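Please read all numbers here as calculations on a predicted model, not as lab measurements.
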Amino acid sequence: MKVAISGAGVAGPALAYWLHRTGHEPTLIERAPQFRTGGYVIDFWGVGYRVAQRMGLEAAIRSAGYQVQTLRSVGPDGRARSSLSVDGFRHATDGKLTSLARGDLAAIIYSTIADDVETIFDDSITAIDEHTDGARVSFERMQDRDFDLVIGADGLHSTVRRLAFGPGAEHYLGCWVAACVVEGYRPRDELVYVTYSRPGRSAARFALRDDRTLFLFVFRSGRDRHPGGLDAHKALLWREFADEGWECKPMLAAVDDADDLYFDVVSQVRLDRWSQGRVALIGDAAGCVSLLAGEGTGLAITAAYVLAGELLCARGDYRRAFGAYEKLMRPLVEAKQRSAEKLIPVFAPKTELGIRLGQLVMRALNVVPLGDRLVARTLRDDIALPEYPM
(Lines give C-alpha, C1' and ligand atoms only; values in the text may rest on other atoms or scores of the structure.)
Protein backbone atom coordinates (compact mmCIF):
# COMPACT_ATOMS: atom_id res chain seq x y z
CA MET A 1 0.00 0.00 0.00
CA LYS A 2 0.98 3.63 -0.48
CA VAL A 3 1.10 5.20 2.97
CA ALA A 4 1.43 8.91 3.72
CA ILE A 5 3.14 9.52 7.06
CA SER A 6 2.94 13.04 8.45
CA GLY A 7 5.94 13.78 10.64
CA ALA A 8 9.63 12.88 10.36
CA GLY A 9 10.44 12.85 14.06
CA VAL A 10 10.81 9.49 15.80
CA ALA A 11 7.50 7.67 15.16
CA GLY A 12 7.31 8.54 11.45
CA PRO A 13 10.72 7.23 10.34
CA ALA A 14 10.30 4.16 12.59
CA LEU A 15 6.99 3.32 10.92
CA ALA A 16 8.49 3.99 7.48
CA TYR A 17 11.30 1.53 8.29
CA TRP A 18 8.93 -1.32 9.13
CA LEU A 19 6.48 -0.55 6.31
CA HIS A 20 9.24 -0.47 3.70
CA ARG A 21 10.64 -3.68 5.14
CA THR A 22 7.28 -5.41 4.68
CA GLY A 23 6.74 -4.29 1.07
CA HIS A 24 4.69 -1.10 1.42
CA GLU A 25 5.51 2.29 -0.11
CA PRO A 26 5.67 4.91 2.68
CA THR A 27 6.11 8.63 2.05
CA LEU A 28 7.24 10.91 4.88
CA ILE A 29 5.89 14.48 4.95
CA GLU A 30 7.74 16.94 7.20
CA ARG A 31 6.88 20.63 7.57
CA ALA A 32 10.43 21.58 8.59
CA PRO A 33 12.70 22.58 5.67
CA GLN A 34 15.24 19.91 6.63
CA PHE A 35 15.66 17.02 9.02
CA ARG A 36 15.81 18.26 12.60
CA THR A 37 18.48 16.95 14.99
CA GLY A 38 19.43 17.78 18.57
CA GLY A 39 16.67 18.83 20.94
CA TYR A 40 16.29 18.02 24.61
CA VAL A 41 17.78 14.85 26.09
CA ILE A 42 15.48 11.91 26.71
CA ASP A 43 16.01 8.71 28.68
CA PHE A 44 15.65 5.67 26.46
CA TRP A 45 14.82 2.24 27.86
CA GLY A 46 12.10 -0.39 28.04
CA VAL A 47 9.96 -1.73 25.25
CA GLY A 48 11.13 0.95 22.80
CA TYR A 49 14.73 -0.05 23.44
CA ARG A 50 13.81 -3.65 22.59
CA VAL A 51 12.28 -2.56 19.28
CA ALA A 52 15.41 -0.54 18.49
CA GLN A 53 17.43 -3.71 19.10
CA ARG A 54 15.25 -5.53 16.55
CA MET A 55 16.08 -2.73 14.11
CA GLY A 56 19.80 -3.30 14.71
CA LEU A 57 20.28 0.19 16.15
CA GLU A 58 21.46 -0.47 19.70
CA ALA A 59 25.16 0.19 19.03
CA ALA A 60 24.51 3.47 17.21
CA ILE A 61 22.09 4.65 19.90
CA ARG A 62 24.50 3.90 22.74
CA SER A 63 27.33 5.60 20.85
CA ALA A 64 25.26 8.76 20.47
CA GLY A 65 23.97 8.56 24.03
CA TYR A 66 25.25 9.40 27.49
CA GLN A 67 25.56 6.96 30.36
CA VAL A 68 24.39 9.28 33.13
CA GLN A 69 25.90 8.46 36.52
CA THR A 70 24.08 10.70 38.99
CA LEU A 71 20.98 12.83 39.46
CA ARG A 72 21.78 15.75 41.78
CA SER A 73 19.40 18.21 43.43
CA VAL A 74 21.02 21.48 44.54
CA GLY A 75 20.02 24.43 46.69
CA PRO A 76 20.21 28.18 45.93
CA ASP A 77 23.93 28.18 46.77
CA GLY A 78 24.66 25.32 44.39
CA ARG A 79 25.46 22.82 47.14
CA ALA A 80 24.02 19.35 46.76
CA ARG A 81 20.89 18.72 48.83
CA SER A 82 20.45 15.13 47.63
CA SER A 83 21.73 12.85 44.90
CA LEU A 84 20.70 9.59 43.32
CA SER A 85 22.92 7.04 41.64
CA VAL A 86 21.59 5.76 38.30
CA ASP A 87 22.89 2.26 39.08
CA GLY A 88 19.45 1.17 40.30
CA PHE A 89 17.89 2.19 36.99
CA ARG A 90 20.54 0.22 35.09
CA HIS A 91 19.92 -2.86 37.21
CA ALA A 92 16.17 -2.56 36.62
CA THR A 93 16.66 -2.42 32.84
CA ASP A 94 19.47 -5.02 32.63
CA GLY A 95 21.75 -2.25 31.37
CA LYS A 96 19.43 -1.39 28.48
CA LEU A 97 19.30 2.31 29.33
CA THR A 98 20.89 5.39 27.83
CA SER A 99 20.18 9.11 27.50
CA LEU A 100 20.42 10.99 24.22
CA ALA A 101 19.03 13.94 22.32
CA ARG A 102 15.62 13.15 20.89
CA GLY A 103 16.62 14.48 17.47
CA ASP A 104 19.77 12.37 17.43
CA LEU A 105 17.66 9.26 18.02
CA ALA A 106 15.35 10.33 15.20
CA ALA A 107 18.35 10.82 12.91
CA ILE A 108 19.64 7.32 13.66
CA ILE A 109 16.27 5.83 12.76
CA TYR A 110 15.90 8.00 9.65
CA SER A 111 19.33 6.91 8.39
CA THR A 112 17.93 3.39 7.93
CA ILE A 113 15.44 4.54 5.27
CA ALA A 114 16.87 7.84 3.95
CA ASP A 115 17.93 6.26 0.64
CA ASP A 116 14.84 4.08 0.23
CA VAL A 117 11.83 6.13 1.31
CA GLU A 118 10.53 9.34 -0.25
CA THR A 119 10.66 12.29 2.15
CA ILE A 120 8.93 15.57 1.38
CA PHE A 121 10.35 18.46 3.43
CA ASP A 122 8.96 21.96 3.86
CA ASP A 123 5.36 20.92 3.30
CA SER A 124 2.37 19.74 5.30
CA ILE A 125 -1.02 18.12 4.80
CA THR A 126 -3.98 20.50 4.58
CA ALA A 127 -6.87 18.16 3.77
CA ILE A 128 -7.70 14.44 3.63
CA ASP A 129 -10.55 13.36 1.39
CA GLU A 130 -11.37 9.66 1.68
CA HIS A 131 -12.95 7.80 -1.21
CA THR A 132 -13.78 4.18 -2.00
CA ASP A 133 -10.27 3.12 -2.99
CA GLY A 134 -8.10 5.40 -0.85
CA ALA A 135 -7.59 8.96 0.31
CA ARG A 136 -6.81 12.12 -1.67
CA VAL A 137 -4.30 14.20 0.30
CA SER A 138 -3.89 17.94 -0.25
CA PHE A 139 -0.70 19.83 0.63
CA GLU A 140 0.33 23.42 1.25
CA ARG A 141 2.73 23.41 -1.71
CA MET A 142 2.55 20.17 -3.68
CA GLN A 143 -0.23 18.98 -5.90
CA ASP A 144 -2.81 16.56 -4.45
CA ARG A 145 -1.79 12.91 -4.27
CA ASP A 146 -3.61 9.63 -3.64
CA PHE A 147 -2.65 7.19 -0.88
CA ASP A 148 -4.14 4.03 0.56
CA LEU A 149 -3.59 5.11 4.16
CA VAL A 150 -2.68 8.31 6.02
CA ILE A 151 -0.80 8.11 9.34
CA GLY A 152 -0.45 11.01 11.73
CA ALA A 153 2.95 10.83 13.41
CA ASP A 154 3.15 14.60 13.79
CA GLY A 155 3.28 15.00 17.54
CA LEU A 156 1.33 16.67 20.30
CA HIS A 157 -0.16 19.36 18.03
CA SER A 158 -0.92 16.93 15.18
CA THR A 159 -2.36 18.39 12.00
CA VAL A 160 -3.61 14.99 10.83
CA ARG A 161 -5.43 14.50 14.13
CA ARG A 162 -7.13 17.87 13.81
CA LEU A 163 -8.19 17.16 10.22
CA ALA A 164 -9.53 13.67 10.92
CA PHE A 165 -10.79 13.95 14.50
CA GLY A 166 -11.32 17.66 15.11
CA PRO A 167 -9.99 19.77 18.02
CA GLY A 168 -10.17 19.14 21.75
CA ALA A 169 -7.86 16.16 22.27
CA GLU A 170 -5.10 18.00 24.14
CA HIS A 171 -5.29 17.90 27.93
CA TYR A 172 -3.18 20.62 29.57
CA LEU A 173 -1.31 19.49 32.72
CA GLY A 174 -0.70 22.97 34.10
CA CYS A 175 2.96 23.34 33.18
CA TRP A 176 5.19 24.70 30.45
CA VAL A 177 8.60 23.43 29.39
CA ALA A 178 11.52 25.15 27.70
CA ALA A 179 14.73 23.53 26.50
CA CYS A 180 17.82 25.05 24.95
CA VAL A 181 21.34 23.92 24.02
CA VAL A 182 24.13 26.51 24.48
CA GLU A 183 27.87 26.44 23.88
CA GLY A 184 30.69 27.18 26.30
CA TYR A 185 28.64 27.35 29.50
CA ARG A 186 30.41 26.90 32.83
CA PRO A 187 30.37 25.09 35.19
CA ARG A 188 30.11 21.59 33.70
CA ASP A 189 29.37 18.39 35.58
CA GLU A 190 30.04 15.46 33.26
CA LEU A 191 27.41 12.68 33.30
CA VAL A 192 25.53 14.39 36.14
CA TYR A 193 22.01 15.74 35.69
CA VAL A 194 21.82 18.78 37.97
CA THR A 195 18.43 20.15 38.97
CA TYR A 196 17.25 23.04 41.12
CA SER A 197 13.66 23.50 42.30
CA ARG A 198 11.64 26.35 43.72
CA PRO A 199 7.88 26.34 44.38
CA GLY A 200 6.16 26.09 41.02
CA ARG A 201 9.28 25.77 38.88
CA SER A 202 12.52 23.93 38.28
CA ALA A 203 15.67 24.44 36.22
CA ALA A 204 18.22 21.84 35.21
CA ARG A 205 21.37 21.45 33.15
CA PHE A 206 23.27 18.58 31.60
CA ALA A 207 26.70 18.66 29.95
CA LEU A 208 26.76 17.50 26.33
CA ARG A 209 29.65 16.70 24.01
CA ASP A 210 31.49 19.41 22.05
CA ASP A 211 31.38 21.87 24.97
CA ARG A 212 27.60 22.18 24.80
CA THR A 213 25.12 22.25 27.69
CA LEU A 214 21.41 21.45 27.71
CA PHE A 215 19.13 23.63 29.85
CA LEU A 216 15.64 22.50 30.83
CA PHE A 217 13.08 24.78 32.50
CA VAL A 218 9.67 23.66 33.79
CA PHE A 219 7.16 26.01 35.42
CA ARG A 220 3.53 25.96 36.47
CA SER A 221 1.07 28.29 34.79
CA GLY A 222 -2.69 28.61 34.82
CA ARG A 223 -2.56 29.59 31.14
CA ASP A 224 -2.38 27.06 28.33
CA ARG A 225 -1.48 29.82 25.86
CA HIS A 226 1.39 32.32 25.99
CA PRO A 227 2.58 35.01 23.56
CA GLY A 228 4.34 33.42 20.60
CA GLY A 229 7.78 34.19 19.24
CA LEU A 230 11.33 33.56 20.41
CA ASP A 231 11.79 36.92 22.13
CA ALA A 232 8.49 36.62 24.01
CA HIS A 233 9.41 33.16 25.23
CA LYS A 234 12.82 34.33 26.47
CA ALA A 235 11.18 37.26 28.27
CA LEU A 236 8.72 34.90 29.96
CA LEU A 237 11.58 32.70 31.21
CA TRP A 238 13.26 35.78 32.69
CA ARG A 239 10.03 36.66 34.53
CA GLU A 240 9.70 33.14 35.88
CA PHE A 241 13.32 32.37 36.83
CA ALA A 242 15.44 35.53 37.15
CA ASP A 243 14.97 35.85 40.91
CA GLU A 244 15.16 32.16 41.79
CA GLY A 245 18.81 31.78 42.79
CA TRP A 246 21.36 29.07 41.89
CA GLU A 247 22.59 29.59 38.29
CA CYS A 248 19.28 30.81 36.90
CA LYS A 249 20.52 34.27 35.84
CA PRO A 250 23.66 33.07 33.98
CA MET A 251 21.62 30.30 32.39
CA LEU A 252 19.03 32.82 31.18
CA ALA A 253 21.79 35.08 29.89
CA ALA A 254 23.15 32.16 27.86
CA VAL A 255 19.67 31.44 26.50
CA ASP A 256 19.43 35.07 25.34
CA ASP A 257 22.19 34.39 22.81
CA ALA A 258 20.53 31.23 21.45
CA ASP A 259 18.68 31.15 18.13
CA ASP A 260 16.71 28.01 18.94
CA LEU A 261 14.51 27.50 22.00
CA TYR A 262 12.02 24.67 22.43
CA PHE A 263 9.01 26.10 24.27
CA ASP A 264 5.71 24.27 24.67
CA VAL A 265 2.91 23.20 26.97
CA VAL A 266 3.13 20.05 29.05
CA SER A 267 0.03 18.26 27.81
CA GLN A 268 -1.36 14.84 27.05
CA VAL A 269 -3.50 13.65 24.14
CA ARG A 270 -6.65 11.74 25.03
CA LEU A 271 -8.88 10.28 22.32
CA ASP A 272 -11.69 7.73 22.33
CA ARG A 273 -10.13 6.05 19.30
CA TRP A 274 -6.88 6.31 17.35
CA SER A 275 -8.21 5.65 13.84
CA GLN A 276 -10.91 7.03 11.60
CA GLY A 277 -11.48 5.35 8.26
CA ARG A 278 -8.16 5.20 6.44
CA VAL A 279 -6.45 7.54 8.92
CA ALA A 280 -4.60 6.37 12.03
CA LEU A 281 -2.44 8.07 14.65
CA ILE A 282 0.75 6.90 16.37
CA GLY A 283 3.13 8.30 18.97
CA ASP A 284 2.33 11.64 20.59
CA ALA A 285 -0.35 12.34 17.99
CA ALA A 286 -2.39 9.42 19.32
CA GLY A 287 -1.67 9.42 23.03
CA CYS A 288 1.03 11.85 24.14
CA VAL A 289 2.05 10.91 27.68
CA SER A 290 4.02 14.20 28.13
CA LEU A 291 7.69 14.59 28.96
CA LEU A 292 6.84 13.88 32.60
CA ALA A 293 6.41 10.19 31.79
CA GLY A 294 9.93 9.97 30.40
CA GLU A 295 9.09 7.26 27.87
CA GLY A 296 7.16 8.94 25.08
CA THR A 297 9.90 8.28 22.54
CA GLY A 298 10.07 4.58 23.37
CA LEU A 299 6.29 4.30 23.12
CA ALA A 300 6.37 5.98 19.70
CA ILE A 301 8.92 3.48 18.38
CA THR A 302 6.87 0.62 19.82
CA ALA A 303 3.65 1.94 18.26
CA ALA A 304 5.35 2.08 14.85
CA TYR A 305 6.49 -1.52 15.17
CA VAL A 306 3.08 -2.76 16.33
CA LEU A 307 1.11 -0.90 13.66
CA ALA A 308 3.34 -2.20 10.86
CA GLY A 309 3.21 -5.71 12.32
CA GLU A 310 -0.57 -5.70 12.55
CA LEU A 311 -0.88 -4.44 8.97
CA LEU A 312 1.28 -7.36 7.90
CA CYS A 313 -0.80 -9.88 9.86
CA ALA A 314 -4.09 -8.43 8.59
CA ARG A 315 -3.00 -8.87 4.94
CA GLY A 316 -4.25 -5.48 3.82
CA ASP A 317 -7.33 -5.28 6.04
CA TYR A 318 -6.41 -1.90 7.53
CA ARG A 319 -9.51 -1.66 9.74
CA ARG A 320 -8.63 -4.93 11.43
CA ALA A 321 -4.99 -3.85 11.74
CA PHE A 322 -5.87 -0.46 13.24
CA GLY A 323 -8.12 -2.12 15.82
CA ALA A 324 -5.54 -4.72 16.83
CA TYR A 325 -2.81 -2.07 17.10
CA GLU A 326 -4.90 0.12 19.38
CA LYS A 327 -6.05 -2.82 21.52
CA LEU A 328 -2.43 -3.73 22.23
CA MET A 329 -0.99 -0.24 22.73
CA ARG A 330 -3.75 1.72 24.47
CA PRO A 331 -3.53 0.08 27.95
CA LEU A 332 0.21 0.78 28.12
CA VAL A 333 -0.16 4.38 26.95
CA GLU A 334 -2.98 5.13 29.38
CA ALA A 335 -1.00 3.62 32.27
CA LYS A 336 1.96 5.86 31.41
CA GLN A 337 -0.34 8.88 31.24
CA ARG A 338 -1.64 8.20 34.74
CA SER A 339 1.92 7.84 36.04
CA ALA A 340 2.94 11.13 34.39
CA GLU A 341 0.20 13.06 36.17
CA LYS A 342 1.54 11.83 39.51
CA LEU A 343 5.00 13.17 38.62
CA ILE A 344 3.98 16.82 38.17
CA PRO A 345 4.99 17.63 41.80
CA VAL A 346 8.46 16.20 41.06
CA PHE A 347 9.11 18.49 38.09
CA ALA A 348 7.36 21.56 39.49
CA PRO A 349 6.64 21.15 43.23
CA LYS A 350 4.08 23.59 44.58
CA THR A 351 5.70 24.23 47.98
CA GLU A 352 9.02 24.20 49.77
CA LEU A 353 7.79 21.15 51.67
CA GLY A 354 7.21 19.39 48.35
CA ILE A 355 10.79 20.15 47.32
CA ARG A 356 12.14 18.67 50.55
CA LEU A 357 9.99 15.56 50.20
CA GLY A 358 11.33 15.07 46.69
CA GLN A 359 14.89 15.25 48.00
CA LEU A 360 14.06 12.68 50.68
CA VAL A 361 12.68 10.35 48.01
CA MET A 362 15.93 10.67 46.05
CA ARG A 363 17.92 9.63 49.12
CA ALA A 364 15.55 6.73 49.82
CA LEU A 365 15.96 5.37 46.30
CA ASN A 366 19.67 4.88 47.01
CA VAL A 367 18.79 2.32 49.69
CA VAL A 368 19.12 -1.25 48.41
CA PRO A 369 16.95 -3.30 47.93
CA LEU A 370 14.00 -0.95 48.57
CA GLY A 371 15.15 1.55 45.97
CA ASP A 372 15.74 -1.15 43.38
CA ARG A 373 12.21 -2.52 43.84
CA LEU A 374 10.62 0.93 43.52
CA VAL A 375 12.65 1.78 40.43
CA ALA A 376 11.85 -1.56 38.79
CA ARG A 377 8.13 -0.98 39.37
CA THR A 378 8.36 2.53 37.89
CA LEU A 379 10.20 1.41 34.75
CA ARG A 380 8.08 -1.66 34.07
CA ASP A 381 6.27 -1.86 30.70
CA ASP A 382 3.15 -4.02 30.94
CA ILE A 383 3.02 -5.22 27.36
CA ALA A 384 3.76 -8.52 25.64
CA LEU A 385 5.66 -7.37 22.56
CA PRO A 386 4.69 -9.60 19.62
CA GLU A 387 7.26 -11.33 17.41
CA TYR A 388 6.01 -10.21 14.01
CA PRO A 389 7.50 -12.01 10.97
CA MET A 390 9.16 -8.94 9.50
Side-chain angles (χ1 to χ4, degrees), residues 7-10 30-43 101-106 124 154-159 161-162 167 169-183 185 193-198 200-206 208 212-244 246-269 283-285 288-294 296-297 300 340 343-344 346-348:
V10 171
E30 170 56 51
R31 65 181 179 180
Q34 59 190 10
F35 194 86
R36 293 179 288 189
T37 60
Y40 60 88
V41 172
I42 55 100
D43 297 318
R102 181 185 178 96
D104 292 348
L105 176 60
S124 60
D154 42 354
L156 171 63
H157 308 299
S158 169
T159 297
R161 186 183 66 236
R162 176 177 53 79
E170 294 183 29
H171 179 73
Y172 178 55
L173 296 183
C175 296
W176 284 76
V177 59
C180 186
V181 174
V182 303
E183 295 184 358
Y185 182 81
Y193 187 83
V194 186
T195 182
Y196 169 68
S197 295
R198 297 297 301 148
R201 54 190 53 82
S202 67
R205 60 171 168 81
F206 182 71
L208 304 175
R212 297 172 301 145
T213 300
L214 168 76
F215 297 151
L216 186 72
F217 303 92
V218 179
F219 63 94
R220 290 179 181 264
S221 174
R223 300 173 59 186
D224 62 357
R225 295 287 184 274
H226 278 295
L230 181 62
D231 290 339
H233 295 160
K234 290 178 179 179
L236 180 55
L237 288 179
W238 272 99
R239 290 197 297 272
E240 292 288 337
F241 288 92
D243 298 326
E244 293 300 344
W246 185 47
E247 300 171 17
C248 286
K249 280 189 176 179
M251 289 169 68
L252 293 170
V255 171
D256 275 346
D257 295 330
D259 296 326
D260 187 22
L261 174 69
Y262 173 83
F263 191 91
D264 205 352
V265 289
V266 178
S267 295
Q268 294 179 341
V269 171
D284 284 354
C288 177
V289 295
S290 83
L291 88 162
L292 306 183
T297 303
L343 289 172
I344 295 174
V346 175
F347 284 84

Using atom types as modelled and distance alone, determine if a side-chain donor or acceptor of Arg161 lies under 3.5 Å from a backbone N or O of Asp154. no
Would you name the heavy atoms of Leu261 and Ala178 that are closest together and state the gap between them? CD1-CB, 4.2 Å
Heavy atoms of Arg31 and Ser124 approach each other most closely as CB-CB, 4.1 Å
Reference residue Leu173; test side-chain contact (heavy atoms from CB on, under 4.5 Å); the match among Leu291, Asp224, Leu292: Leu292
To the nearest 0.5 Å, what is the distance between OH on Tyr185 and CG on Asp257? 13.0 Å
Taking atom SG of Cys248 and atom CG of Leu237, what is their separation to the nearest 0.5 Å? 10.0 Å
Rounded distance [0.5 Å steps], CZ in Phe206 versus CG in Leu216: 12.5 Å
Is any side-chain heavy atom of Tyr40 less than 4.5 Å from a side-chain heavy atom of Arg102? yes
Decide yes or no on side-chain contact (heavy atoms from CB on, under 4.5 Å) for His171 and Ser267, but give the supporting numbers first. CA-CA 5 Å; His171 179 73; Ser267 295; 5.9 Å; no
When rounded to the nearest 0.5 angstrom, what is the spacing between CG in Leu214 and OH in Tyr262? 12.0 Å
Angle class for the Phe219/Phe241 ring planes (parallel below 30°, perpendicular above 60°, tilted otherwise)? perpendicular
For Glu30 against Gly9, the heavy-atom pair lying closest together: OE1-N, 4.4 Å
Is any side-chain heavy atom of Cys175 closer than 4.5 Å to a side-chain heavy atom of Ile344? yes
Find out whether Val266 and Phe347 are in side-chain contact, i.e. whether some heavy atom of one side chain is under 4.5 Å from a heavy atom of the other. no
Side chains of Glu247 and Tyr196: closer than 4.5 Å at any heavy-atom pair? no
Examine distances only and state if a side-chain atom of Tyr172 and a backbone atom of Arg223 form a donor-acceptor pair shorter than 3.5 Å. yes
Measuring from Cys180:SG to Arg205:CZ, what's the distance to the nearest 0.5 Å? 15.0 Å
Can you find a heavy atom in the side chain of Val255 that is under 4.5 Å from one in the side chain of Trp238? no
List the atom of Gly296, the atom of Val289, and the distance in Å for their closest heavy-atom pair. CA-CG2, 3.9 Å
Quick check: closest heavy atoms across Ser290 and Gln268, and the distance to 0.1 Å? CB-CG, 4.2 Å
Locate the shortest heavy-atom distance separating Glu170 from Val269; write the atom from each residue and the value. CG-CG2, 4.5 Å
Hey, what's the ring geometry for Trp176 with Phe263, parallel, tilted or perpendicular (30° and 60° as the breaks)? tilted
How far does NE2 of His233 sit from NE2 of His226, to the nearest 0.5 angstrom? 8.5 Å
Trp246 and Arg198: side-chain contact (heavy atoms from CB on, under 4.5 Å), yes or no, with the steps? CA-CA 10 Å; Trp246 185 47; Arg198 297 297 301 148; over 6 Å; no
